[in-house]
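Everything on this sheet refers to the single structure shown next.
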Amino acid sequence: MADTLPKGYEPHDVEARWRKHWEDDKTFTPDPDAPGEPYSIVIPPPNVTGALHIGHALNHTLIDVLCRHARQKGKNVLWVPGTDHAGIATQNVVERALAKEGKSRKDLGREAFIDRVWEWRDEYGHRILDQARALGDSVDWTRLRFTMDEGLSAAVRKVFVQLYNEGLIYKGDYIINWCSRCHTALADDEVEHEQSRGKLWKVRYQLADGSGHITIATTRPETIPGDTAICVHPEDERYTALIGKKAVVPVLGREIPIIADAYVDREFGTGALKVTPCHDHNDWMLGKKHDLVFLKAIDENGVMTAEAGAYAGLAKEECRTRIVADIEAAGQLEGIEEIDHAVGHCYRCHTVVEPHVSTQWFVAATKMAPAARDAVPGMTKIFPETWLKTYYHWLDNIRDWCISRQIWWGHRIPAWNCESCGELVVAEEAPAVCPKCGGALKQEEDVLDTWFSSALWPFSTMGWPEDTKDLRRWYPTSVLVTGFDILFFWVARMMMMGIHFMGEVPFKDVYLHALVRDASGRKMSKSTGNVIDPLEMIDKYGCDALRFTLTAFAAMGRDIRLSEERIEGYRHFVNKLWNAARFALMNLPEEAPAPVAPEAVPGLHHQWLLHRLEVVKQDMDKALADYRFNDAAQLGYKFLWNEFCDWYLELIKPDMQSEDPKRKAEAQYVLWLALRELLVLLHPIVPFVTAEIWAALPVAAGEKATDIARELYPAARPACQRPVEAGRMELIQGIIVAVRTIKAELGISPSHKVSLMLHPVDAAQAELLEASSQCMTTLARLETLTIGADVHAPKASASAVVEGCQVIVPLKGAVDLNGELARLDKEIAKLEKDVVGVNMKLSNESFVSRAPADVVARERERAEKLLDAKEKMQALRARFAEALNEE
């Protein structure tokens with residue numbers, strides 16, 4: 001008998017031990033010169049400021065499943081770990097810490113502040129990585145990267161300089177998104193648009209010639225001081241006569257032209273658009289097109305400038321109130337309308353974003369986007385395909401990417417300005433003096449957008465710009481697994497950069513997983529109080545239970561509805577595997593059973609299990625190859641729980657008790673073989689429990705237990721695929737299930753033995769039933785079993801049909817008919833009373849109209865269930881009454 005496992009599975013010690021073993025042993029550190037098809041994944045680098053949330057847990061679990069499975073298939077697998085420096089977020093964290101000390105970053109100065117951020121990173125930056133370890137990430141920790149480490153910094157500088165020299169990076173004045181809280185520019189996709197309740201003010205602009213007025217509608221009256229034109233549609237008959245005239249800006253008194261452009265939406269507001277080129281992206285384009293004056297009325301702090309006249313120095317919110325009051329006092333406010341509209345907020349601090357004209361650095365994304373668009377789906381496939389349209393739409397409508405940020409933490413732009421002649425020098429290394437005049441140089445203050453360095457991640461992490469073995473071996477990467485919400489932030493930009501600098505797409509596949517929501521389908525948020533903390537779940541239920549839950553619900557294109565109860569439920573699955581292994585180990589010899597040709601093992605139950613094992617091996621392998629994670633998990637679940645545990649372990653108990661040594665040895669070998677292969681199939685999803693059980697399995701004399709993480713996927717055994725024999729076993733199972741169902745419907749205890757009569761469809765079926773009589777007698781808990789063509793059902797019996805075979809359970813002797821009739825009468829009376837009570841409540845108009853909708857719905861559902869239960873009990877009573885009359 002082999003050593004048994006402890007009675008209960010305690011995940012914490014097991015997980016800690018295997019994490020340490022895999023990291024110390026460098027189990028997941030690949031050699032670029034090793035054989036095997038290259039397979040690589042770069043981790044979506046979590047922010048160094050972050051903590052592991054449930055979305056990370058899903059992402060990491062799915063990647064780990066793919067990597068562990070790829071190793072089983074003999075591939076040379078590299079999974080690169082790393083973190084992102086998260087420019088704005090990290091700077092905000094350190095600035096808040098300084099504020100508690102009564103200091104600001106300006107008190108420290110740039111260099112001292114950067115040192116402080118590095119200190120923070122060294123002290124706290126490891127937390128997110130330790131949490132990744134807790135999830136069982138099979139990454140290569142020796143290749144850990146950080147977007148600000150020396151190698152990646154060199155890559156960032158080289159990319160910037162090359163793009164600048166190619167004319168794909170430029171500096172210029174442009175209207176950008178500005179966060180007055182973070183004091184930095186934001187790219188278009190860093191602005192989160194939220195639906196808000198607002199106002200639409202209708203304001204009269206008097207015509208300069210005194211002939212009347214033109215009315216505009218605006219949601220932002222504080223920008224009126226920056227107006228430099230009014231624009232109408234050239235075909236709008238209401239305003240045709242006004243084109244070319246001048247209007248007067250209310251309160252401020254400036255004259256501005258009335259122009260025409262087909263851009264104007266004639267149906268919105270009044271059909272007349274005030275044009276404020278410095279404070280609206282579309283107005284900026286109109287200003288350039290019509291050569292308008294550009295007036296900046298709001299500064300970078302959200303304060304009105306001198307251009308705002310009497311409103312100069314006011315916060316923009318205060319200006320809004322004041323200017324509206326003044327316009328109303330002047331009799332030029334026609335009306336105010338309540339509207340719902342989208343308002344842009346900073347994705348980091350959620351401050352309302354202000355369009356702002358500023359000198360910034362840009363990537364000419366409009367020139368790089370076509371190559372990224374053309375590469376999909378030919379060179380890179382996106383799963384699910386429903387995201388293709390979104391990917392194309394974003395690239396087709398892309399604007400040049402603002403990459404400069406007015407913060408200190410990040411990759412400082414490698415550009416210097418000559419203080420003498422104004423020459424701009426862009427270089428990978430800091431030049432000593434101006435190459436033009438020899439004057440002193442000053443480096444740009446701005447840093448690069450965090451997503452700029454992240455866009456290089458697939459090749460910078462592998463050593464680019466050096467020609468490394470890793471790069472030659474593992475680029476392009478095999479698949480990118482990430483959330484759909486950063487399809488624009490990250491995926492498309494990696495495509496642009498990878499194609500441009502490597503000449504190849506950065507990944508062959510992109511798998512976009514959905515969101516993890518709560519059980520009701522709501523988005524998780526701290527304010528709602530429905531957040532599920534993955535580390536807390538790991539502590540309560542073990543890592544494998546969380547991983548299996550996330551994998552089992554990761555259906556392509558569908559959000560995951562997660563609850564703690566579901567995680568707890570899959571903890572039972574982990575325990576089921578553990579207990580099945582304990583049973584197996586108690587019935588296996590100390591050393592691995594002597595090999596037997598599996599295809600030659602007699603016994604219908606062995607042949608059925610080996611057939612099912614072959615099918616599951618093929619199906620799980622195919623499911624993971626197709627990114628059908630939920631299908632893979634459910635296949636493993638069903639095979640373990642329903643087939644291996646509920647059936648096979650019961651079917652082999654007589655074999656294990658047999659005095660025939662050959663019969664017992666054959667059963668032990670099939671049990672050992674099936675358990676080994678099942679552990680390998682489940683390992684990518686539940687690595688810890690499978691590793692622990694694997695280490696306890698008996699091995700051949702003189703051999704040591706191996707590490708399941710290095711085990712290859714079980715080879716196919718075509719000779720074990722026996723659908724005919726499996727079908728025969730499924731007939732026997734169907735009959736046993738039919739008897740169990742009849743017992744349950746009649747209220748007969750599962751352990752109570754009944755008589756069973758079987759009427760086979762033909763002689764071949766009769767032969768099979770006779771050969772399997774012992775199995776059916778044991779598992780169906782039978783008193784007697786009669787099989788024959790002359791078997792007929794007594795009137796007082798329950799029956800079913802399985803593959804043409806009549807399954808008959810006589811009621812006489814199986815049920816205390818008088819006792820059951822009395823019991824059912826009481827149950828039916830109680831149900832009738834409950835039905836009357838709930839119907840009275842639902843017929844009460846006051847209750848139905850005043851109670852919450854969900855409460856009324858629950859009562860209606862309860863009424864349906866009560867009625868259904870009553871009808872079933874009445875039908876059962878009628879059957880018992882008929883049987884009693886026949887006696």
Side-chain angles (χ1 to χ4, degrees), residues 3-29 43 46 50-54 56-65 67-69 71-72 77 79-83 123-144 532-551 564 567-568 570-582 585 679-680 682-697 704-711:
D3 292 336
T4 57
L5 296 164
K7 186 173 182 180
Y9 176 58
E10 296 298 334
H12 304 101
D13 291 342
V14 170
E15 289 170 12
R17 187 168 64 254
W18 282 105
R19 284 188 205 106
K20 185 176 187 307
H21 167 77
W22 287 327
E23 193 164 345
D24 292 348
D25 189 53
K26 293 185 172 55
T27 306
F28 309 122
T29 298
I43 199 170
L52 195 74
H53 57 65
I54 201 68
H56 287 129
L58 171 65
N59 179 265
H60 289 220
T61 295
L62 299 185
I63 298 174
D64 194 51
V65 168
C67 287
R68 289 180 185 268
H69 179 250
R71 292 187 193 97
Q72 292 177 339
V77 178
W79 182 10
V80 180
T83 52
E123 185 173 356
Y124 298 108
H126 61 84
R127 289 181 302 181
I128 193 79
L129 297 173
D130 290 343
Q131 292 163 356
R133 286 179 170 90
L135 271 173
D137 287 6
S138 62
V139 299
D140 177 11
W141 291 109
T142 69
R143 287 177 167 89
L144 179 64
I532 293 178
D533 182 344
L535 297 177
E536 190 178 308
M537 294 300 100
I538 289 172
D539 188 56
K540 287 181 78 170
Y541 304 111
C543 180
D544 287 329
L546 175 64
R547 286 173 59 114
F548 201 95
T549 309
L550 292 170
T551 309
E564 184 171 341
I567 300 168
E568 183 179 14
Y570 282 112
R571 168 67 195 268
H572 299 323
F573 171 79
V574 174
N575 288 339
K576 187 82 169 178
L577 175 59
W578 184 263
N579 291 330
R582 289 188 74 245
L585 289 170
L679 290 172
V680 176
L682 291 172
H683 176 73
I685 306 173
V686 284
F688 296 110
V689 67
T690 51
E692 188 73 0
I693 295 170
W694 179 272
L697 288 181
K704 289 184 178 180
T706 57
D707 183 348
I708 194 173
R710 298 181 184 274
E711 195 70 17

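Below, each value reflects all heavy atoms present in this structure, side chains not excepted, and no hydrogens, waters or symmetry copies. For clarity, every value in this text was computed on a predicted model and none was experimentally measured.
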Could you tell me which residues satisfy side-chain hydrogen bond (donor to acceptor under 3.5 Å, both in side chains) with Asn59, sequence neighbours excluded, listed by chain and number? His513
How far does CE of Met537 sit from CD1 of Ile532, to the nearest 0.5 angstrom? 6.5 Å
Is it the case that the side chain of Arg127 and the backbone of Tyr124 share a donor-acceptor pair, with hydrogens and angles ignored and the cut-off at 3.5 Å? yes
Calculate, to the nearest 0.5 Å, the distance between atoms CZ and CG belonging to Phe548 and Leu682 respectively. 6.5 Å
Ignoring hydrogens and geometry, is there a side-chain-to-backbone donor-acceptor pair from Arg582 to Leu5 under 3.5 Å? yes
Would you say the side-chain atoms of Arg547 pair up with the backbone N or O of Leu135, donor to acceptor, closer than 3.5 Å? yes
Rounded to the nearest 0.5 Å, how far apart are NE2 of His56 and CG of Leu535? 11.5 Å
For the residue pair His53 and Asp533, confirm or rule out a side-chain donor-acceptor distance under 3.5 Å. no
Could you grab the distance from atom CG of Asp64 to atom CD1 of Ile685, nearest 0.5 Å is fine? 11.0 Å
Side chains of Arg143 and Thr29, donor plus acceptor under 3.5 Å: no
Atom OG1 in Thr142, atom NZ in Lys26: separation rounded to 0.5 Å? 7.0 Å
Of all residues at least two apart in sequence or in a different chain, which pass the side-chain contact (heavy atoms from CB on, under 4.5 Å) check with Asp539? His12
Could you walk me through whether Lys540 and Glu568 satisfy the salt bridge (charged side-chain N to carboxylate O under 4.0 Å, His left out) test, starting with their C-alpha distance in whole Å, then the side-chain angles of each, then the deciding distance to 0.1 Å, before giving a yes or no? CA-CA 9 Å; Lys540 287 181 78 170; Glu568 183 179 14; over 6 Å; no
Between Val14 and Val689, is any pair of side-chain heavy atoms under 4.5 Å apart? no
Between Leu679 and Leu697, does the side-chain contact (heavy atoms from CB on, under 4.5 Å) criterion hold? Intermediate values first, please. CA-CA 11 Å; Leu679 290 172; Leu697 288 181; 3.8 Å; yes
side-chain contact (heavy atoms from CB on, under 4.5 Å) involving Gln72 - partner list, sequence neighbours excluded: His69, Val680, His683, Pro684, Tyr713
Extract all donor-acceptor atom pairs below 3.5 Å that involve side chains of residues 571-578 and protein atoms in other chains or at least two apart in sequence.
residue	atom	partner	partner atom	Å
Arg571	NE	Asn575	OD1	3.3
Arg571	NH2	Tyr9	O	2.9
Trp578	NE1	Pro6	O	2.8

Run the side-chain contact (heavy atoms from CB on, under 4.5 Å) test on Trp22 and Asp707 for me, step by step, so that the C-alpha distance in whole Å, both residues' side-chain angles and the decisive distance to 0.1 Å come before the verdict. CA-CA 9 Å; Trp22 287 327; Asp707 183 348; 3.0 Å; yes
Tell me, do Thr83 and Ile128 make a side-chain contact under 4.5 Å, heavy atoms counted? yes
Rounded to the nearest 0.5 Å, the OG1 atom of Thr690 sits from the CZ atom of Arg68 at a distance of 7.5 Å
Residues Trp79, Phe28; criterion ring pair (Phe, Tyr, Trp, His ring centres under 6.0 Å); working and verdict: CA-CA 8 Å; Trp79 182 10; Phe28 309 122; 8.9 Å; no
Ile538 versus Ala134, closest heavy-atom pair with distance: CD1-O, 4.0 Å
Using a 4.5 Å cut-off on heavy atoms from C-beta on, say whether the side chain of Val686 contacts that of Tyr570. no
Output all residues satisfying side-chain contact (heavy atoms from CB on, under 4.5 Å) with Pro534, sequence neighbours left out; order by chain, then residue number. Leu52, Ile54, Ala57, Leu546
Please answer whether the main-chain N or O of Cys543 pairs with a side-chain N or O of Glu15 as donor and acceptor at a distance below 3.5 Å. yes
Arg710 to Trp694, cation-pi by 6.0 Å centre distance and 45° axis angle: no
Does Glu692 come within less than 4.0 Å of Arg17, counting only side-chain N to carboxylate O? yes
My understanding is that only residues two or more places apart in sequence, or in another chain, count here; which of them pass side-chain contact (heavy atoms from CB on, under 4.5 Å) with Ala695? Trp18
Between Leu129 and Trp141, the two heavy atoms sitting closest are O-CH2, 3.7 Å
Test your reading of the model: is there a side-chain donor-acceptor pair from Asp137 to the backbone of Val139, 3.5 Å cut-off? no
State whether the side chain of Arg19 and the backbone N or O of Arg133 hold a donor-acceptor pair below 3.5 Å, judged by distance alone. yes
